[in-house]
Structure formats: C-alpha cells, structure tokens
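Structure first, commentary second.
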Amino acid sequence: MTYQGLIHRYGQYLDLPAHTKTISLLEGNTPLIPMPRLSREFGCELFVKFEGLNPTGSFKDRGMTAAVSEAVGRGAQTVICASTGNTAASAAAYAARAGLRSIVLIPEGKVAAGKLAGAIAYGAEVIQIQGSFDDALTLVVEITQKTPIALVNSINPYRIEGQKTSAFEICDVLGAAPDWLCLPVGNAGNITSYWAGFKQYQKGLPQILGVQAAGSAPLVLGHPVEKPETIATAIRIGKPARGEQALEAAQESNGKIIAVSDEEILSAQRILASEGVWVEPASAAGLAGLIAESAKGFDVKGKKVVVVCTGHGMKDPSIITESFQSPKLIPVNYNALVDVVGGA
Ligand code: F0G
C-alpha cells in the first residue's frame, strides 16, 4: 500500500485520543542516509536522519500531524504556537490543511527567512514579539489557558507522541536502535520524544548526545539563560519547556548534553554539505557535538551512530550567502568562460 503518513503507519504506538481526526501531509518516512566519508573518519557507521525532507522542511511535521489531528478532532478552530520558525511553518501548514486558523508568535528579527516565508505562505497570522522565544511561549501558554485556542508547542503531549516516530523509523531501518544518537536540543521536545520512542519500541536503546549552542545552553549551565544568542536561531532558547526530561534522557541513556560554539556549528554544517547534505545551522549541532567530543577522546569506533539533522538548509539561506563569495559574473562569451574555469 502507498505511504499514508505517520498516524496511519505508527498510530498503534501513539497515545492519541479516540476523537483524533487524521490530518496528514505524508510526513515522516525520511531517509537514513549513510555518510561514508564521515564513517571512515570516525571509524564508525555514521548515518544522517535527514528530517529536513519532511513536507515543511523540518522534523516538526511529525509532532504537528498528531497535535493538529487531535485539535481538529476535539473541535478546535484555531491553533497557536511560539516558535523560532520551524514549528510556525509546520503549524501553519497543518492548520491550512485542516481548515483551521493559525497564529504564530516569533521573536522579532530572529527567524530565518525560509521559515518566516513558509509560515506566511501557509496562511498563518504571524506576530513578532519584542522578546525571545521563551517570552513568546509564556504568552501563548497564557492565552491557551484562558481561551479555546489550541496550543501546538511541544508542551502539547501529542507533539511528543508524533515525534516518537522518528525513533521507530530508525529502528525499522537499522533493525535495532543505534549505539549513539546525536541531536540538537532547544526547547527539548525532540530529545524527549526520541527517548520515549526508543524505550517504547523495545529494539534496544541508544546513548544520547544532546547538543546546545554555547550562547543558549541552559541545560549545560544548569540555569536559564535570560538573553540566549546563537546563529543557530532554531535553538536560540534560554528556558527549555522540557529541560528536566532532556536531562533525564541524557542521564538514563548514559549519554550527555554538551554545548558547542557557533563556529563549530557552522563548520559541521559545511562538512555535512560537503558530503551532499545541506542542513540549517541548528541541525548541524549534533555532528558538531560528535566532532567536539571525539577531539576530547570520545570513541565511537565500530559503533552505529545516527546524527539527526532536524531542518533543511534552505530554511536559512542567508547564513550561506552572507559567508560565501557571490557567484562570478561573466559576459556570454566562451573565452570568458574558459578564463574562469581553466583547462581542467
Ligand atoms: N532543530 C531545529 C531545526 C529546530 O527548529 C528546533 C526547534 C530544534 C532543532 C530543537 O528541537 O526544541 O525539540 O529541542 N525549533 C522550535 C521551533 C523551537 O519553534 O521551531 P527541540
């Protein structure tokens, strides 16, 4: 049978209420891409779970199919979220599909172009706030407590249910859980979901390496960060809603949560692109973490390692165009072309 989306594929493993009415864009089923060069470098079997290939370009679609399906089923008319961008685009797309109104709150000036454009294209009412993601989340929680508007941030338990499916897919492809799972951590919904998913699926448990950006690393510092900063704007979060659960996942899995610098993130982004996988900066944090730990003696030789790349590079094009040379311009002339290309 042709693929019909995550609720159809894995619904029996998801704790969704009976009133759930499936809204799907055929999300999930993303490739687990072998990375031969990185594998050789680390002496391991390294795969990228490329979540940028979901319908709206990020892993958020896994949770959003579940959250919006539940909201529609209970009669919600409007959904709302706070977002660094990807949740906004995903909420807007699934709301559009379901015929719901969507409202998204984003931190002023800190959302990558591809995400903002997506949210607008799918018809969300986009509201910028003069504050951070964390401030936006506080506001949307309050309005959903006082009105029938449905909250679709990962505080919503159905988001976690949907996002568990990536762990299931990895186990289905590899036959068992990998030894290590490396992924970025922002509001900490995703690390929580993976850990819940692996535990539930009973195909073994990975050790989890959660990676924050150094300027936004509350779980590494052990306290909230009032003014989080990082070029990886997706994870520019100072008070993760599921911080406790993220720390539990790291501890129970015998893994850890670490921080990497923006430079390390950008370098990992380039390394992934040089092997054909272009991801947005935050999505490179998992690999950046693996590289940083390896430099300190962390050994993954002979292991299976999955690096979760959460969002597509096209979400944040300016990070590339600003830091690379712009294309050369030549007249329509063969000799001018040869001058540039050389004889190779
Ligand atoms: N990677 C990307 C590309 C993201 O957009 C996010 C979160 C994360 C990683 C971190 O996941 O929050 O579950 O720990 N983006 C949210 C948003 C906050 O609003 O789009 P997390």
Side-chain angles (χ1 to χ4, degrees), residues 30 49-54 56-64 67 80-93 104-107 110-112 114-116 118-119 124 126 129 132-137 140 151-156 159-160 162-164 166 181-197 208 210-213 216-219 228 230-247 249-250 257 265 268-269 272 278-289 307-316 319:
T30 56
K49 179 68 169 160
F50 195 13
E51 290 289 276
L53 295 180
N54 274 293
T56 77
S58 85
F59 73 97
K60 303 289 180 180
D61 296 342
R62 293 180 184 276
M64 211 51 79
I80 196 167
C81 65
S83 183
T84 57
N86 282 322
T87 302
S90 186
V104 305
L105 264 67
I106 58 171
K110 295 290 183 183
V111 170
K115 305 176 188 181
L116 183 56
V126 180
I129 69 150
S132 65
F133 167 86
D134 306 288
D135 300 321
L137 187 58
V140 298
L151 180 70
V152 294
N153 279 105
S154 60
I155 297 173
N156 178 326
R159 282 278 310 278
I160 304 299
Q163 286 174 209
K164 290 190 307 196
S166 190
L181 183 88
C182 311
L183 82 171
V185 177
N187 210 28
N190 212 26
I191 188 173
T192 300
S193 309
Y194 273 100
W195 188 235
I208 296 187
V211 187
Q212 301 207 285
S216 310
L219 300 177
T230 168
I231 47 100
T233 51
I235 52 172
R236 186 176 166 274
I237 293 173
K239 287 180 223 143
R242 291 189 183 266
E244 289 295 316
Q245 283 162 282
L247 293 168
I257 298 184
I265 288 174
Q269 183 191 33
L272 285 163
W278 180 30
V279 306
E280 66 166 286
S283 301
L287 178 64
V307 171
V308 182
C309 288
T310 44
H312 203 286
M314 285 188 270
K315 291 280 190 170
D316 196 351
I319 207 88

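Because the structure is a prediction, the values reported are computed rather than measured. First listed ligand is number 1; within each ligand, the first listed atom is number 1. Side chains included, hydrogens not; waters and symmetry mates left out as well; all remaining heavy atoms used. Position 1 is the first residue of the sequence; numbering continues from there.
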With atom 4 (C) of ligand 1 as the reference point, say which of Pro240, Gly286, Ala234 has the nearest heavy atom.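 Result: the heavy atom closest to atom 4 (C) of ligand 1 is in Ala234.
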Near [X], which atoms of ligand 1 are under 4.0 Å from a heavy atom of that residue?
X: Ser83; answer: 17 (C), 19 (O), 20 (O)
X: Ile235; answer: 8 (C), 9 (C), 10 (C)
X: Thr84; answer: 15 (N), 16 (C), 17 (C), 18 (C), 19 (O), 20 (O)
X: Glu280; answer: 3 (C)
X: Asn187; answer: 12 (O), 14 (O), 21 (P)
X: Val185; answer: 14 (O)
X: Thr87; answer: 16 (C), 17 (C), 19 (O), 20 (O)
X: Ser283; answer: 3 (C)

Please name the pair of heavy atoms, one in Thr230 and one in Ser216, separated by the smallest distance, quoted to 0.1 Å.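 Of all heavy-atom pairs spanning Thr230 and Ser216, the closest is CG2-OG, 3.5 Å.
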Could you tell me whether Lys60 approaches ligand 1 through its side chain, its backbone, both or neither, with non-hydrogen atoms closer than 4.0 Å?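 For Lys60, only side-chain atoms sit under 4.0 Å from ligand 1.
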Can you pull out the closest protein heavy atom to atom 5 (O) of ligand 1? Residue, atom name and distance to 0.1 Å, please.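 The answer is Asn86 ND2, 2.8 Å.
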Heavy-atom nearest neighbour in the protein, as seen from atom 2 (C) of ligand 1, with distance rounded to 0.1 Å: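 Here the nearest protein heavy atom works out to Thr310 OG1, 3.3 Å.
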Interatomic spacing from CZ in Phe59 to OG1 in Thr30 - rounded to 0.5 Å: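 Atom-to-atom, Phe59:CZ and Thr30:OG1 are 12.0 Å apart.
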How long is the straight-line distance from CG of Asp316 back to CG of Leu116, given to the nearest 0.5 Å?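 It is 11.5 Å, given to the nearest 0.5 Å.
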Contact check: Gly186 vs ligand 1, nitrogen or oxygen atoms, below 3.5 angstrom: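 Between Gly186 and ligand 1, an N or O pair is found under 3.5 Å apart.
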Do any nitrogen or oxygen atoms of Ala188 come within less than 3.5 Å of a nitrogen or oxygen of ligand 1?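 Indeed, backbone or side chain, Ala188 has an N or O that close.
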A side-chain contact here means heavy atoms from C-beta on lying under 4.5 Å apart; do [X] and [Y] qualify?
X: Met64; Y: Arg159; answer: yes
X: Leu137; Y: Ile237; answer: no
X: Trp278; Y: Met314; answer: yes

Would you say Ser132 and Asp135 are linked by a side-chain donor-acceptor pair, where the criterion is simply a distance under 3.5 Å?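 Distance-only check passes for Asp135 and Ser132.
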Among side-chain atoms of Thr84 and Lys110, is any donor-acceptor pair under 3.5 angstrom?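 Per modelled atom types, Thr84 and Lys110 side chains form no pair under 3.5 Å.
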At a 4.0 Å cut-off, with the gap strictly under it, does some heavy atom of [X] reach an atom of ligand 1?
X: Ser154; answer: no
X: Ile237; answer: yes
X: Ser58; answer: no

Going by the rule ring pair (Phe, Tyr, Trp, His ring centres under 6.0 Å), which residues pair with Tyr194 if we only count those two or more places apart in sequence or in a different chain?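 Tyr194 satisfies ring pair (Phe, Tyr, Trp, His ring centres under 6.0 Å) with no residue once adjacent residues are dropped.
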With Lys239 via salt bridge (charged side-chain N to carboxylate O under 4.0 Å, His left out) - residues at least two apart: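 In terms of salt bridge (charged side-chain N to carboxylate O under 4.0 Å, His left out), with neighbours along the sequence ignored, Lys239 is linked to no residue.
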